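Below is one structure, written out as structure tokens; comments come after it.
From a predicted model like this one, the values you see are computed outputs, not experimental measurements.
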Amino acid sequence: MPRHHKKDSAPGGSQRQLRVGEVVRHAVADILSQGSVHDPVIQKHLITVPEVGMTADLHVATIYVMPLGGRDTDKVIAALERNKKFLRGEVARRVNLKFAPDVRFRVDERFDEAERIEKLLRTPAVQRDLAPNSPDSEE
């Protein structure tokens, strides 16, 4: 039997992936908040880094970002991609890993999804179903 067999991992990855992702997230957030990246688009926007996903081998970090207010997401992603090499080097300098992870930038869609669910919950049909004295409620 193989010594290392693949187990069902947690949805977000292993504890190690989650821990390293959080350390990388803090490093990227610090780099962006300190204004270390000399790009006019990045300096003009406040960028939130809500999550970093790491591959199982920790070689690729997918960094989810959202500019404040959700504006100019395409421009911000393009600016981050232009400065990918610098950001990777800064992450490697700040995070003690055997290999510097390759970085990929994605827009965080969770805010849009949360807003969509919030709108659904406010619809009259759902409000009627949630009312304590609705005819469909069982007591």
Begin from the C-alpha positions of Val107 and Val65 and carry the test side-chain contact (heavy atoms from CB on, under 4.5 Å) through to its verdict.
CA-CA 5 Å; Val107 175; Val65 296; 5.5 Å; no

Residues forming a salt bridge (charged side-chain N to carboxylate O under 4.0 Å, His left out) with [X], sequence neighbours excluded:
X	value
Glu109	none
Arg88	none
Arg71	none
Lys98	none

Name all residues meeting the side chain to side chain donor-acceptor pair (under 3.5 Å) criterion together with Lys75; count only those two or more places apart in sequence or in a different chain, and write none if there are none.
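Side chain to side chain donor-acceptor pair (under 3.5 Å) check on Lys75 returns nothing, list empty.
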
Mind checking side chain to side chain donor-acceptor pair (under 3.5 Å) for Gln34 and listing every partner two or more places apart, or none if nothing turns up?
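Side chain to side chain donor-acceptor pair (under 3.5 Å) check on Gln34 returns Arg94.
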
Where at least one partner belongs to residues 20-50, residue pairs that pass ring-ring contact (aromatic ring centres under 6.0 Å, His included), sequence neighbours excluded
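As it turns out, there is no ring-ring contact (aromatic ring centres under 6.0 Å, His included) pair with a partner in residues 20-50 once direct neighbours are skipped.
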
What pairs meet the salt bridge (charged side-chain N to carboxylate O under 4.0 Å, His left out) rule with one or both residues in residues 33-43, with sequence neighbours excluded?
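Applying salt bridge (charged side-chain N to carboxylate O under 4.0 Å, His left out) to every pair that reaches into residues 33-43, excluding sequence neighbours, yields Asp39-Arg82.
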
Salt bridge (charged side-chain N to carboxylate O under 4.0 Å, His left out): pairs with one or both residues in residues 14-25, sequence neighbours excluded:
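Matches after skipping sequence neighbours: Glu22-Arg25.
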
Indicate the atoms forming the closest heavy-atom contact of Asp30 with Ser33, along with that distance.
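Taking Asp30 first and Ser33 second, the nearest heavy atoms are O-OG, 3.1 Å.
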
Looking at Phe105 and Leu80, what are the two nearest heavy atoms and their distance?
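Scanning both residues completely, I find the closest heavy atoms to be CE1-O, 3.6 Å.
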
Could you list the cluster mates of Leu68? Members are the ILVMFWY residues connected by side-chain heavy atoms closer than 4.5 Å, either directly or through other members.
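Once heavy-atom contacts under 4.5 Å are chained together, Leu68 belongs with Leu46.
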
Going by atom type alone, with no hydrogens or angles, which donor-acceptor pairs under 3.5 Å involve a side-chain atom of residues 50-58 and a protein atom two or more places apart or on another chain?
residue: Thr55; atom: OG1; partner: Asp57; partner atom: OD1; Å: 2.6
residue: Thr55; atom: OG1; partner: His59; partner atom: N; Å: 3.4
residue: Thr55; atom: OG1; partner: Val60; partner atom: N; Å: 3.2
residue: Asp57; atom: OD1; partner: His59; partner atom: N; Å: 3.0

By the side-chain hydrogen bond (donor to acceptor under 3.5 Å, both in side chains) test, which pairs, at least two apart or in different chains, include something from residues 117-127?
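Non-adjacent pairs meeting side-chain hydrogen bond (donor to acceptor under 3.5 Å, both in side chains): zero.
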
Between CG of Leu87 and CD1 of Ile63, what distance do you get to the nearest 0.5 Å?
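Those atoms lie 7.0 Å apart.
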
To the closest 0.5 Å, what do you measure between CG (Asn83) and CG (Leu32)?
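Taking CG in Asn83 and CG in Leu32, the distance rounds to 9.5 Å.
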
Note, Leu18 side chain near Ser14 side chain (heavy atom, < 4.5 Å)
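Of all side-chain heavy-atom pairs linking Ser14 with Leu18, none is under 4.5 Å.
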
Do Ile31 and Val91 have side chains that get closer than 4.5 Å, going by heavy atoms?
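Side chain of Ile31 against side chain of Val91, heavy atoms only: contact under 4.5 Å found.
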
Common cluster, Met66/Tyr64, ILVMFWY with side-chain heavy-atom separation under 4.5 Å
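Per the 4.5 Å side-chain linkage, Met66 and Tyr64 are not co-clustered.
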
